[in-house]
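Residue numbers start at 1 and run along the sequence shown. Excluded from the calculations below are hydrogen atoms, water molecules and symmetry mates; all remaining heavy atoms, backbone and side chain alike, are included. When a ligand or atom number is given, it counts from 1 through the structure's own listing order.
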Amino acid sequence: MLILAVESSCDETAVSLVEDGRKLICDKILSQTDHAIYGGVVPEIASRRHIEAVGGLADLALEGIDKSKIDAVAATYAPGLIGAVLVGLNFAKSAAYSLGVPFIPVHHMRGHIAANYLAFPELEPPFAALVVSGGHSLIVDVRGYTDMEVIGTTRDDAAGECFDKVARVLGLGYPGGAALDALSKTGDDKKYPLPRAHAGDSPFDTSFSGLKTAVINLIHNSRQKGEELDEASLAASFAAAVSDALVPRAVEATKMLGYKKLAVCGGVAANSRIRSDLTRLCDGNGIEIFAPPLKLCGDNGAMIASQAYYEYMAGKRGGLDCNAYATMAINNG
Ligand code: KG4
Ligand code: ZN
């Protein structure tokens with residue numbers, strides 16, 4: 001079954017084709033660069049760039065493809081920047097209408113989890129997932145392809161948001177997660193002691209706002225005093241603190257659920273410290289770790305097409321009146 005999917009929930013426009021949920025035919029992505037000077041995504045600019053890009057990307061994705069072979073069209077319908085989501089959603093609904101095939105609405109975070117189905121053909125639910133992106137930090141019980149429940153979340157900022165804020169204060173541009181990761185590789189991760197938060201009543205919930213404030217205060221204080229800051233070591237100490245907040249919780253959650261498989265996904269899943277800590281701790285606990293290649297961690301259309309296949313199999317269809325939603329729990333997706 002061939003599915004054409006559109007992703008436009010934030011600042012990546014993507015159009016992709018995937019066969020039977022697992023075989024990537026093509027993934028055309030345009031990452032918007034306009035937001036860097038503002039230090040964050042400007043929603044209206046994002047929507048306008050999606051409008052400009054989506055048609056051309058669809059042309060590229062469909063080059064040499066017999067359109068009559070497309071069985072369904074999918075798009076992210078939640079969660080995301082509402083104006084941005086609407087662009088891809090409406091384009092996909094129109095494409096489905098003109099091709100005379102079903103439309104499948106897909107929850108963006110379910111899509112991130114599905115990136116693992118593309119990377120690992122043998123992976124099947126149930127498993128635990130650590131879903132870490134610019135807007136979410138979730139530990140999810142993936143009971144089935146379309147049956148999942150959040151068992152841990154951040155109480156405040158998402159991990160990616162925290163990476164981006166720290167990177168911005170260090171002048172690394174936006175989004176700065178990858179640059180901060182690169183900088184951390186030459187640093188000493190024990191040089192700057194940073195806080196590790198505990199959400200007392202829930203073992204799997206996290207909190208990043210205290211860590212973010214601690215790092216930003218540390219940078220400002222050292223600048224005010226004219227002290228030299230070892231930025232690489234600060235980046236390494238920060239990455240270690242984020243990883244310490246996420247990795248042991250994800251592994252404990254996997255054990256609590258009685259699973260032997262843990263999948264990581266979302267933009268922050270590209271982080272080298274988090275990936276190496278996950279590998280080490282999973283190995284030590286007899287858990288198999290699934291971490292997709294970096295290009296499938298960040299937003300892409302292939303993950304939406306992959307999840308769409310399983311949504312389709314479960315009977316999900318969207319009408320022409322299907323709307324976009326800025327927020328939506330993953331279990332309701
Ligand atoms: O999943 P994603 O592409 O978009 C959302 O759905 O939010 O995630 C983007 C986030 C950004 O915060 C970005 O800085 C972060 O992923 N990111 C990283 C790395 N690469 C991307 N964070 C830490 N280390 C990285 N290597
Ligand atoms: Zn995302």
The answer, listing residues by chain and number that come under 4.0 Å of ligand 1 through any heavy atom, is His108, His112, Ser133, Gly134, Gly135, Gly160, Phe163, Asp164, Pro175, Gly177, Ala178, Asp181, Gly266, Gly267, Val268, Ala270, Asn271, Gly298, Asp299
For the residue pair Phe120 and Phe290, categorise the inter-ring angle as parallel (less than 30°), tilted (30 to 60°) or perpendicular (more than 60°). perpendicular
Within-4.5 Å side-chain heavy-atom neighbours: Thr13 and Phe91: no
Near Arg22 CZ, under 6.0 Å, is it more than 12 heavy atoms from other residues, nucleotides or ligands? yes
To which residues is Leu118 joined in a hydrophobic cluster, defined by side-chain heavy-atom contacts under 4.5 Å among Ile, Leu, Val, Met, Phe, Trp and Tyr, whether direct or through other members? Val18, Leu24, Leu296
Test Asp156 against Ser207 for side chain to side chain donor-acceptor pair (under 3.5 Å), laying out the working first. CA-CA 6 Å; Asp156 37 58; Ser207 161; 2.7 Å; yes
Taking only residues at least two apart or on different chains, which pairs with a member in residues 82-103 satisfy side chain to side chain donor-acceptor pair (under 3.5 Å)? none
Would you say the rings of Tyr38 and Tyr174 are close, in the sense that their centroids are separated by under 6.0 Å? no
Around the Zn ion (ligand 2), list the protein N/O/S atoms within a radius below 2.8 Å, excluding water molecules. His108 NE2, His112 NE2, Asp299 OD1
What is the minimum heavy-atom distance between Pro102 and Ala96, and which atoms define it? O-CB, 4.0 Å
Determine whether Tyr117 and Tyr309 satisfy the following criterion, ring pair (Phe, Tyr, Trp, His ring centres under 6.0 Å), listing intermediate values before the conclusion. CA-CA 11 Å; Tyr117 303 140; Tyr309 173 75; 10.0 Å; no
